[in-house]
2 protein chains.
Amino acid sequence: MSLRHAVLGLLANGPASGYDLLKSFELSLSNVWSATQSQLYGELGKLDAAGLIVVASEGPRGRKEYAITDEGRAELRHWLLEVEPTRVRRSDMLLRVFFLNQVTPAEAEGYLDGQEKHAQAYHDHLLALEGQIPWDDTALSVYGRIAMEWGIRFSRASIEWSAWAKERLRDAALPEGEWAKERLREAGLEEKS
Amino acid sequence: MSLRHAVLGLLANGPASGYDLLKSFELSLSNVWSATQSQLYGELGKLDAAGLIVVASEGPRGRKEYAITDEGRAELRHWLLEVEPTRVRRSDMLLRVFFLNQVTPAEAEGYLDGQEKHAQAYHDHLLALEGQIPWDDTALSVYGRIAMEWGIRFSRASIEWSAWAKERLRDAALPEGEWAKERLREAGLEEKS
DNA sequence: GTAAACATGTAACAAGTTACATGATTGT
DNA sequence: ACAATCATGTAACTTGTTACATGTTTAC
């Protein structure tokens, strides 16, 4: 139910149309919560029906500007302070690590290397962005900066982890290890588990 | 499509029943990819129909033991080495941070403090677990240890980030800042955006 | 005039969650 | 005999993705 709260959160900082919100998702919120256009318009309809937002005004091209209601604000506050964040922990990047024993150590190292490069690129991107934004002392800015710091720290930790993992892999050096058995199996030589 | 590959990855390390796989998800894989019982049995049916796995034997209580096929192994390998991990980046914990300007600075600090405590507990839990597991030099063990290191490093980064954020918040000290305007709005004093 | 941007909506599908439903085997 | 564990399956619902469909206004 977080898309609902993302929309309420955005509208709490001022009224906006579905199109406006979509832009907000695309350029600032996408790093922590992404939404598609079709999902967004659907959710606006539901929030309206539930009385958490209202159409404040209608503009050209069928534009509908939504505003948060008192009930919406109460719901947002409840979610912010009383609902425990769900920790999903679903990462297909990490899932692959679990099954890397199915490929050769050289291929596994290649995979980890790719992840390191990706994390490095993302880290560089965030640092560049951080330098561009004129941070001030308004609440919006302070919390935005805190959220961005999370990205910076976690991409840095990713880079360091990848490097550590590659080294660990080299140290373990699995020449006749588990993966070799898998090669044999692929060659058609079945064995009992 | 990652549940499919999680199942293939588990079966690549030996045949198992739906029930066995469910236990694997619950006790080791749940930290990187969770699946419900109903989802799992559904996926096994689809994988069977697609020829990526087969029923190798049937046991008591209607137990069906599945084994990966050569096509399944090829698909797993393809996914491991040629499919780019999807980076979803969806965190309702971080989403809340974006909207913390809707509550008082003291409440915001309370939220960050809660996150720090949660990260600390998770970190402690992982370190205890790491000490219990008899790590050896088999591929399965090496890659398992690498995956666990990710959890350890990221929970540590989480703790440090929360502490940093709380300090930053105190330094910024938003006494008459943005959040106050929101209080006024809640009191019914509407203003133009 | 025409391309870009503004603006909303729906349909079909895939993935994930919760709850219900049923029954067999093993250990005490 | 009874509880725990083993074992599978289905139905209803929510969330998220991709693609289709349509029309308006503004700037050049």
Side-chain angles (χ1 to χ4, degrees), chain A residues 1-8 10-11 15-27 29-30 32-50 53-66 79 83-92 95, chain B residues 1-8 10-11 15-27 29-30 32-50 53-66 79 83-92 95:
Chain A
M1 290 282 275
S2 284
L3 173 61
R4 155 160 303 206
H5 298 104
V7 171
L8 287 175
L10 288 171
L11 289 179
S17 68
Y19 192 84
D20 294 339
L21 294 172
L22 190 61
K23 296 294 150 194
S24 290
F25 272 97
E26 277 167 8
L27 60 84
L29 222 52
S30 62
V32 303
W33 203 272
S34 62
T36 59
Q37 176 257 11
S38 112
Q39 226 188 330
L40 194 45
Y41 283 106
E43 193 61 44
L44 284 170
K46 286 182 211 159
L47 281 164
D48 191 4
I53 63 175
V54 284
V55 177
S57 69
E58 305 204 23
R61 282 170 290 203
R63 175 190 171 95
K64 286 192 249 177
E65 200 168 57
Y66 290 96
W79 173 77
V83 179
E84 268 298 293
T86 56
R87 331 263 166 187
V88 244
R89 281 197 295 275
R90 230 177 209 146
S91 160
D92 66 329
L95 184 61
Chain B
M1 288 282 273
S2 282
L3 173 61
R4 153 159 304 204
H5 299 104
V7 172
L8 288 175
L10 288 172
L11 288 179
S17 68
Y19 192 83
D20 294 338
L21 294 172
L22 190 61
K23 296 295 149 192
S24 289
F25 272 97
E26 277 168 8
L27 57 84
L29 223 51
S30 63
V32 303
W33 203 271
S34 62
T36 59
Q37 176 258 9
S38 113
Q39 223 188 332
L40 193 46
Y41 283 107
E43 193 62 43
L44 284 170
K46 286 181 213 159
L47 281 164
D48 191 4
I53 62 176
V54 284
V55 178
S57 68
E58 305 205 22
R61 283 170 290 204
R63 176 192 171 92
K64 287 193 250 176
E65 199 168 57
Y66 291 96
W79 174 76
V83 180
E84 268 299 293
T86 54
R87 332 262 164 186
V88 243
R89 281 197 294 273
R90 229 174 211 149
S91 160
D92 66 329
L95 184 61

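Protein chains get the first letters and strands the later ones, always in sequence-line order, with residue 1 at the start of each. As the structure is a prediction and not an experimental result, all values here were calculated from the model.
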- Message: Rounding to an integer number of Å, can you tell me how far B/Lys64 NZ sits from D/dA7 C1'?
- Response: 11 Å

- Query: Within this structure, what is the CZ-to-P distance between B/Phe25 and C/dA15, rounded to whole angstrom?
  - Reply: 14 Å

- Task: Could you tell me the separation between the CD atom of A/Glu26 and the P atom of C/dA7, rounded to a whole number of Å?
- Result: 13 Å

- Message: I need the CG-C1' distance between B/Leu22 and D/dT5, as an integer number of Å.
- Response: 13 Å

- Listed by chain and number, what are the salt bridge (Lys or Arg N to Asp or Glu O under 4.0 Å) partners of A/Arg89, not counting sequence neighbours? none

- Note on the structure: Under a 4.0 Å heavy-atom criterion, the protein footprint on nucleotides 16-28 of chain C, written with B, S and -, is SBBB----BB---

- Task: Please round to 10 degrees the angle between the axis of the first five pairs and the axis of the last five pairs in the helix from C/dG1-D/dC28 to C/dT28-D/dA1.
- Result: 20°

- Message: So, OP1 or OP2 of C/dT8: does either fall under 4.0 Å of a side-chain N or O from A/Tyr41?
- Response: yes

- Message: Tell me whether the side-chain N/O atoms of B/Lys46 come closer than 4.0 Å to OP1 or OP2 in C/dA14.
- Response: no

- Query: Do B/Met1 and B/Thr86 come within less than 4.5 Å of each other through their side chains, counting heavy atoms only?
  - Reply: no

- Item | Within-4.5 Å side-chain heavy-atom neighbours: B/Leu95 and A/Trp79 | yes

- Message: Quick one, A/Arg90 and B/Arg90 - any side-chain contact, counting heavy atoms below 4.5 Å?
- Response: no

- Query: Given D/dT5, is OP1 or OP2 found less than 4.0 Å from the side-chain N or O atoms of B/Lys23?
  - Reply: no

- Task: Find out whether A/Asp92 and B/Pro85 are in side-chain contact, i.e. whether some heavy atom of one side chain is under 4.5 Å from a heavy atom of the other.
- Result: yes

- Message: Are the side chains of A/Leu44 and A/Leu21 in contact, using a 4.5 Å heavy-atom criterion?
- Response: yes

- Of all heavy-atom pairs linking A/Ala35 and A/Leu3, the shortest is CB-CD1, 3.6 Å

- Query: In whole Å, what is the span from the CG atom of B/Asp20 to the P atom of D/dT5?
  - Reply: 16 Å

- Message: Using every non-hydrogen atom in the two residues, find where B/Ala16 and B/Leu11 come nearest and quote the distance to one decimal.
- Response: N-CD2, 3.6 Å

